[in-house]
Amino acid sequence: MSQIYVAEITVYDPAISGTRVLRYCTGTGYTTGGADSPAHTFYEPRIEQPANMQRSLATGAASRGASRVGFGELVMVNIDGGLDGLVDYGFDGRPITIKLGTVRPWQAPVWTTVLQGTMARADFSWSQLSISLRDRQAELDTPLQTTTYAGSNALPNGLEGVASDIKGREKPRLYGNGYNLEPVCVNTARLVYQISDLALQSVSAVYDRGAALTAGTAYTSQADMEANAPSVGQYRAWLAGGMLRLGSSPAGQITCDAVHGASSANRTAAQIAKQIMLDAGIASGDINASDVAALDAATSAEVGYWLSGNTTAKQCLDLVLGSVGAWWGVDRLGQFRMARLEAPSGTPVATLTPVEILKIDRITGDSAAPIWQVTLSYQPYAITQSSDLAASVTAARRAELAQAYRKVIAADSSIKTIHPLAETLEVATNLSSAAAAQAEADRLLALYKVRRDTLSVRVALDADLAGALDLGAVVSVQVPRYGYDGERLMRVTSIRTDLRNGLLDLTLWG
């Protein structure tokens with residue numbers, strides 16, 4: 001039995017004004033069989049260094065948001081100049097697939113995809129062609145909202161502002177629940193304000209200098225809103241346009257509370273994260289549907305995020321998924337994944353014993369001591385107000401408006417009996433309710449107040465392990481150390497694939 005790596009590289013060929021697939025391998029060359037796809041196709045023996053990859057998620061206080069991904073290079077031998085003809089080809093932004101094949105005599109190879117990504121560039125030296133790979137997370141490191149106001153109003157008509165006020169400003173956007181938002185005045189003559197460029201489910205409150213205005217009947221259309229002003233002291237919302245209109249000039253700053261999403265099931269972290277990815281241009285098929293369903297099953301807590309400036313999709317995902325202790329990233333197959341970090345449980349995907357393990361060390365994690373208290377912030381106010389409030393605003397409401405977040409606490413002081421240096425954890429979230437915030441604080445305390453081990457483990461790379469292991473997967477470690485004689489379930493938090501040397505370096509937590 002032997003192993004072989006093959007690379008399938010999609011490039012743009014100017015000679016045909018289109019793309020073609022280039023195929024290379026390690027070893028002495030490989031030709032597919034008649035039943036393979038593609039059949040009877042030769043893979044040229046050029047690969048010197050299959051591209052390495054490292055993906056990791058953090059634990060402890062940072063166990064949320066984007067996973068970290070690092071790619072190496074696919075290095076191919078070109079000392080004979082045989083690849084020089086590719087110098088005019090387009091590599092950047094196009095897909096690459098690397099597979100590991102287990103070859104047995106008289107049997108068709110068994111293939112495992114170890115990397116499916118995109119290329120950044122191709123560098124030609126005298127003896128090598130090096131292809132740098134691109135992390136798909138980079139696709140989300142761009143502004144999520146790029147639509148701006150045209151400044152084209154011919155007052156009193158228009159909903160785009162004028163050249164001297166909001167022209168060129170990004171339009172606001174609300175996902176889920178929003179509190180004390182500052183809507184944009186898009187028509188100064190008719191006192192029309194925009195909360196979101198997405199349709200809203202409701203505008204639950206509007207305030208002038210912190211004092212609540214009276215809600216009038218919602219508008220049925222843009223024409224209805226433009227033709228009919230609210231009564232003095234009232235507001236009326238046009239939900240389909242994400243807008244509201246005032247019945248009289250405001251005395252000061254206008255703020256509001258609003259909701260996007262048809263039901264609470266549409267306002268979960270999983271559903272909002274999925275929508276953000278879709279709005280950022282990620283294809284639906286590239287978002288792992290099972291992950292979305294699993295995260296919804298784990299928590300139905302409502303969250304929210306309001307964009308009012310140049311915010312990237314990545315930043316939005318970090319906050320939305322981080323609110324429920326979830327991470328997100330891209331797996332070896334190029335799919336976008338999301339999951340909440342939980343204590344390892346269930347049936348492990350692999351068992352690691354001294355037979356498989358080449359090296360193992362217990363390392364210090366994020367904290368040398370357990371957590372005894374969690375302070376969790378929730379329900380963020382888009383803006384705070386501590387001055388220029390109406391006289392009718394109560395002292396309690398004034399104190400509330402001055403705070404960016406509400407807070408809950410979960411604590412177990414008994415932890416300090418064993419661990420006098422036990423630490424506290426502070427987490428800011430976009431959760432909407434006190435009940436959901438308390439539940440998450442309690443969950444985090446239960447997760448981190450007990451002993452958690454972090455292991456650095458090296459194993460030999462084979463197709464079975466490459467196919468089974470991914471971030472968040474649970475493995476069983478059985479070694480005669482650290483009390484692991486029976487088994488200890490651990491969660492994979494980092495994977496470094498060394499294809500050249502046939503190694504997997506794992507970080508395990510649990």
Side-chain angles (χ1 to χ4, degrees), residues 1-7 24-28 30 45-59 67-77 96-104 109-117 128 130-133 135 329-334 344 348-363 365 453-482 484 488 490-510:
M1 183 179 71
S2 61
Q3 293 184 334
I4 183 175
Y5 289 98
V6 300
Y24 304 99
C25 70
T26 56
T28 58
Y30 175 73
R46 291 277 182 179
I47 297 178
E48 177 182 337
Q49 166 65 66
N52 293 333
M53 177 177 66
Q54 179 165 354
R55 297 181 295 120
S56 60
L57 57 95
T59 56
S67 60
R68 296 188 295 270
V69 182
F71 289 106
E73 293 180 320
L74 172 67
V75 180
M76 294 192 289
V77 176
I96 179 172
T97 300
I98 299 177
K99 298 177 182 178
L100 169 60
T102 302
V103 182
R104 297 177 175 85
V110 177
W111 297 102
T112 299
T113 299
V114 294
L115 174 63
Q116 187 166 307
Q128 293 177 332
S130 300
I131 299 176
S132 300
L133 304 186
D135 173 13
V330 183
D331 66 15
R332 62 186 173 83
L333 300 179
V349 299
T351 298
L352 305 181
T353 71
V355 174
E356 293 81 20
I357 296 172
L358 303 177
K359 180 183 178 182
I360 182 170
D361 287 300
R362 187 173 184 267
I363 60 178
D453 291 358
T454 302
L455 302 178
S456 175
V457 178
R458 173 171 288 179
V459 297
L461 173 64
D462 63 35
D464 290 338
L465 274 179
L469 296 180
D470 215 331
L471 289 183
V474 174
V475 299
S476 170
V477 178
Q478 299 179 14
V479 294
R481 296 289 301 276
Y482 315 130
Y484 299 170
R488 188 175 180 97
M490 307 290 285
R491 198 171 291 278
V492 179
T493 61
S494 178
I495 304 174
R496 182 181 182 276
T497 308
D498 183 348
L499 300 184
R500 184 174 195 171
N501 295 309
L503 299 173
L504 281 176
D505 287 310
L506 309 172
T507 304
L508 308 178
W509 172 90

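Hydrogens, waters and symmetry mates are skipped; everything else that's a heavy atom, side chains included, is used. Owing to the predicted nature of the structure, the values given are computational and were not obtained by experimental measurement.
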Is there a donor-acceptor contact under 3.5 Å from the side chain of [X] to the main chain of [Y]?
{"X": "R491", "Y": "W509", "value": "no"}
{"X": "R46", "Y": "V77", "value": "yes"}
{"X": "D331", "Y": "L333", "value": "yes"}

Is there side-chain contact between [X] and [Y], with at least one heavy-atom pair below 4.5 Å?
{"X": "T493", "Y": "S56", "result": "no"}
{"X": "L504", "Y": "D498", "result": "no"}
{"X": "I131", "Y": "M76", "result": "yes"}

Trace of the side-chain contact (heavy atoms from CB on, under 4.5 Å) decision for L74 with L115
CA-CA 11 Å; L74 172 67; L115 174 63; over 6 Å; no
Residues forming a ring-ring contact (aromatic ring centres under 6.0 Å, His included) with Y24, sequence neighbours excluded:
none
L465 and side chain to side chain contact (heavy atoms under 4.5 Å, CB included): which single residue from V459, V349, I495 fits?
V459
Which residues pass the side chain to side chain contact (heavy atoms under 4.5 Å, CB included) test with [X], not counting sequence neighbours?
{"X": "T351", "value": "T353, S476, Q478"}
{"X": "V75", "value": "E48, Q49, E73, Q128, S130"}
{"X": "T26", "value": "I4, Y5, I47, P50"}

Is there a side-chain contact (heavy atoms from CB on, under 4.5 Å) between L455 and D361 once you walk through the steps?
CA-CA 6 Å; L455 302 178; D361 287 300; over 6 Å; no
Closest heavy-atom pair and its distance - L57, G472
CD2-N, 4.4 Å
Could you report the tightest heavy-atom contact between P45 and G27, atom names first, then the distance?
CB-O, 3.2 Å
Given V477 and Y482, is the side-chain contact (heavy atoms from CB on, under 4.5 Å) satisfied, shown in steps?
CA-CA 11 Å; V477 178; Y482 315 130; over 6 Å; no
Show every salt bridge (charged side-chain N to carboxylate O under 4.0 Å, His left out) that has at least one partner inside residues 470-479, sequence neighbours left out.
R55-D470
Between atom CG of L461 and atom CG of L469, what is the distance when rounded to the nearest 0.5 Å?
9.5 Å
To the nearest 0.5 Å, what is the distance between OG1 on T497 and CD1 on I98?
10.0 Å
Sequence neighbours excluded, the answer for salt bridge (charged side-chain N to carboxylate O under 4.0 Å, His left out) partners of D505 is R458, R496
Walk me through it: do L506 and L352 pass the test side-chain contact (heavy atoms from CB on, under 4.5 Å)?
CA-CA 11 Å; L506 309 172; L352 305 181; 4.2 Å; yes
